[in-house]
Amino acid sequence: MLLVSQIADFQMIFTLLSTLPVLIITSELDYSELVNSAELVSSSSSLSPSHLDNKSFKPRKLNCTRDTDIIDRLLNGTGYNKFRIPQEEGMTVVVEIWIQAITSIDELTNDFDMDIYITETWLDPALNFQHMSPCKGNLSLNHQVLDRLWTPNSCFINSKVAQIHNSPFRSVFLMLFPNGTVMVNYRVRVKGPCSLDLSNFPLDLQKCSLIYESFNYNRQEVEMKWSDAEYPVFNLSKIVLPDFDLFEIQTERKQENYPAGMWDELHVTIIFERRFIWYFMQAYLPTYLTIFISWVSFALGSRAIPARTMLGVNSLLAIVFQFGNIMRNLPRVSYIKGIDVWMLVSMTFIFCSLLELAIVGFMVRDETVAKKKNQQKKISGNPSREESPHGIISERRFMFPPGCTESSKSLNSCGTGCWTPERIDSISSVMFPLTFFVFNIIYWFYYIHRKEIIRENLINRIDG
């Protein structure tokens, strides 16, 4: 045991002697050099990957209040009542709507579907937490907290269907600011009504509208107003629809008188302009071709009655079938639409070509009957006989100029002004295209000009 203790003492003495030069050298270093070395170490540590990934990291305030503690202090034990209006003089609710997508417009049911974000903002003095030294500048919360707060109970009073998205959870965003400002954002699927006027169809503009108001509070309790932004209702991305283009979005604030008082109504009017090219390709262009085909009968000659009849009847059936397909996708209205005028006039042109064919066929038939009679008389060759006063039978022969018979004389008695089948076809081949050309000028000028008038009236009605 004595030997072991002596060895331990020798090791301790050796350790002290080995560290003595280091201590002497360190003591001789200048203090400024040590400071520079510390700064170098700190600068090298700032280049670590963890620091590069958190450049904007700010240390949490000391002695600050967490979100859960703030909500607990605001709503528990303070007498907060969500059924009581926070301000006795009334609340002001600022509304802004972002259109995410418009999915469809249905002419048969007169409505449209769209997905929107609704943002409501109001000031609730009871939710002021500036004095609590919050750890964050604002609190981001979910719908469970919103259920415990006062809300204006706003809704679309003219919508057919309106529901908050649940994908996969309820799409409600709540943000509280230190001064008590409450901002709520909903993601909603809404089906709204459209005031469809198809009198100028398919060169038409359609108007769809929504009305947003507080359902439970009149104007003295809750004042609804649009945001002061340049466009309180705007689309987040370009709206693309198969049949329509988004023409304009208008907002308006109205006061409506109800038995319970005056209510603030926020109106959103969306104007759509119909895309015309589809209807031109599916309705107008085939109609042009059908009418042009019906005019081919004028060039077949007056003797091709069966072929001309088949061509005219098939053209009429084709345009009637086409008209039926277009009307199947449109609502039953009691007024005449622009497409009705076009299709009915087109059918009239084809029907008139059939009437012209009937006239030509009638004239050809009379001419054929007259020629048959002449041929029968030539074949019989029996001259007319007449008895003389003395009982002698004599023959009476009537002489006509060469190449002329009784029938031909009666047919040609009108001279060069006769309406022969060939002449009728020749006049029809000019008059039908000319009349149809004049109709096209009148039709397109009238409905295009009327479309501009409708556009101006819609804009002026909303702006006024």
Contact between [X] and [Y] at the side-chain level, heavy atoms closer than 4.5 Å - yes or no?
{"X": "Asp115", "Y": "Ile99", "result": "no"}
{"X": "Phe247", "Y": "Ile270", "result": "no"}
{"X": "Val95", "Y": "Val93", "result": "yes"}
{"X": "Leu146", "Y": "Leu141", "result": "no"}
{"X": "Ile424", "Y": "Ser428", "result": "yes"}
{"X": "Val94", "Y": "Ser227", "result": "yes"}
{"X": "Met91", "Y": "Trp150", "result": "yes"}

How many angstroms lie between [atom1] in [X] and [atom2] in [Y], if you round to the nearest 0.5 Å?
{"X": "Leu317", "Y": "Thr290", "atom1": "CG", "atom2": "OG1", "value": "11.0 Å"}
{"X": "Leu241", "Y": "Ile105", "atom1": "CG", "atom2": "CD1", "value": "5.0 Å"}
{"X": "Leu330", "Y": "Ile326", "atom1": "CG", "atom2": "CD1", "value": "8.0 Å"}
{"X": "Met310", "Y": "Ser297", "atom1": "CE", "atom2": "OG", "value": "11.5 Å"}
{"X": "Met262", "Y": "Gln255", "atom1": "CE", "atom2": "CD", "value": "4.5 Å"}
{"X": "Ile118", "Y": "Leu266", "atom1": "CD1", "atom2": "CG", "value": "10.5 Å"}

Above 12 or not: heavy atoms from other molecules or residues under 6.0 Å from [atom1] of [X]?
{"X": "His165", "atom1": "NE2", "value": "yes"}
{"X": "Phe234", "atom1": "CZ", "value": "yes"}
{"X": "Met327", "atom1": "CE", "value": "yes"}
{"X": "Phe215", "atom1": "CZ", "value": "no"}
{"X": "Phe445", "atom1": "CZ", "value": "no"}
{"X": "Ile336", "atom1": "CD1", "value": "no"}

Under 6.0 Å between ring centres, would you say that holds for Phe201 and Tyr447?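 No, too far apart.
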
Do the two ring centres, one from Phe439 and one from Trp342, sit under 6.0 Å apart?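 Yes, they do, as the ring centres are separated by less than 6.0 Å.
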
Nearest atoms (heavy-atom pairs only) where [X] meets [Y]:
{"X": "Ile164", "Y": "Ser171", "answer": "CG2-O, 3.7 Å"}
{"X": "Asn110", "Y": "Lys160", "answer": "O-NZ, 3.7 Å"}
{"X": "Tyr335", "Y": "Leu196", "answer": "OH-O, 4.0 Å"}
{"X": "Leu203", "Y": "Ile448", "answer": "CD1-CG1, 4.1 Å"}
{"X": "Met281", "Y": "Pro286", "answer": "O-CD, 3.3 Å"}
{"X": "Met347", "Y": "Leu316", "answer": "O-CD1, 4.1 Å"}

For a quick check under 3.5 Å, do [X] and [Y] share a side-chain donor-acceptor pair by atom type?
{"X": "Asp106", "Y": "Thr109", "answer": "yes"}
{"X": "Glu120", "Y": "Tyr212", "answer": "yes"}
{"X": "Ser214", "Y": "Asn153", "answer": "no"}
{"X": "Arg187", "Y": "Asn166", "answer": "no"}
{"X": "Asn440", "Y": "Tyr288", "answer": "yes"}
{"X": "Gln250", "Y": "Thr269", "answer": "no"}

Main-chain N/O of [Y] paired to [X] side chain as donor or acceptor, under 3.5 Å:
{"X": "Thr65", "Y": "Ile70", "value": "no"}
{"X": "Thr287", "Y": "Ala283", "value": "yes"}
{"X": "Asn158", "Y": "Ile211", "value": "yes"}
{"X": "Ser426", "Y": "Glu422", "value": "no"}
{"X": "Ser294", "Y": "Ile291", "value": "yes"}

For a quick test of your reading: what N or O donor-acceptor pairs under 3.5 Å do the side chains of residues 121-129 make, sequence neighbours left out?
{"from": "Asp124", "atom 1": "OD1", "to": "Ala126", "atom 2": "N", "distance (Å)": "3.2"}
{"from": "Asp124", "atom 1": "OD2", "to": "Tyr80", "atom 2": "OH", "distance (Å)": "2.7"}
{"from": "Asn128", "atom 1": "OD1", "to": "Gln130", "atom 2": "N", "distance (Å)": "3.0"}

Using the six-membered ring wherever Trp is involved, compare the ring planes of [X] and [Y] and label them parallel, tilted or perpendicular (cut-offs 30° and 60°).
{"X": "Phe436", "Y": "Phe292", "answer": "perpendicular"}
{"X": "Tyr258", "Y": "Trp263", "answer": "perpendicular"}
{"X": "Trp98", "Y": "Tyr117", "answer": "tilted"}
{"X": "Phe244", "Y": "Phe272", "answer": "perpendicular"}

Can you list every salt bridge (charged side-chain N to carboxylate O under 4.0 Å, His left out) pair that touches residues 264-292, not counting sequence neighbours?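 Qualifying pairs, neighbours excluded: Glu107-Arg274, Asp204-Arg274, Arg219-Asp264, Asp245-Arg275, Arg253-Asp264, Glu273-Lys451, Glu273-Arg455.
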
According to salt bridge (charged side-chain N to carboxylate O under 4.0 Å, His left out), does anything in residues 71-89 pair up with another residue at least two apart or in another chain? List the pairs.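 Sorted pair list comes back empty.
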
Out of the candidates Tyr279, Trp444, Trp278, only one should pair with Tyr284 under the ring-ring contact (aromatic ring centres under 6.0 Å, His included) rule; please name it.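 It is Trp444; the other options fail the test.
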
For residues 350-363, please give each side-chain donor-acceptor pair under 3.5 Å, one per line with the distance, not counting sequence neighbours.
{"from": "Ser353", "atom 1": "OG", "to": "Ile350", "atom 2": "O", "distance (Å)": "2.4"}
{"from": "Glu356", "atom 1": "OE1", "to": "Arg308", "atom 2": "NH2", "distance (Å)": "3.0"}

Gln206 vs Phe112, test: side chain to side chain contact (heavy atoms under 4.5 Å, CB included). Steps then yes/no. CA-CA 11 Å; Gln206 301 302 338; Phe112 72 110; over 6 Å; no

All pairs passing disulfide bond (SG atoms under 2.5 Å apart) where residues 203-250 contributes a residue, at least two apart: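 Only Cys194-Cys208 qualify under disulfide bond (SG atoms under 2.5 Å apart).
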
Sequence neighbours left out, what pairs pass disulfide bond (SG atoms under 2.5 Å apart) with at least one residue falling in residues 211-265?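 Counting only pairs at least two positions apart or across chains, no disulfide bond (SG atoms under 2.5 Å apart) contact touches residues 211-265.
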
For the side-chain contact (heavy atoms from CB on, under 4.5 Å) test, which of Val190, Val188, Thr103 pairs with Met114?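 Result: among Val190, Val188, Thr103, Val190 is the only option passing the side-chain contact (heavy atoms from CB on, under 4.5 Å) with Met114.
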
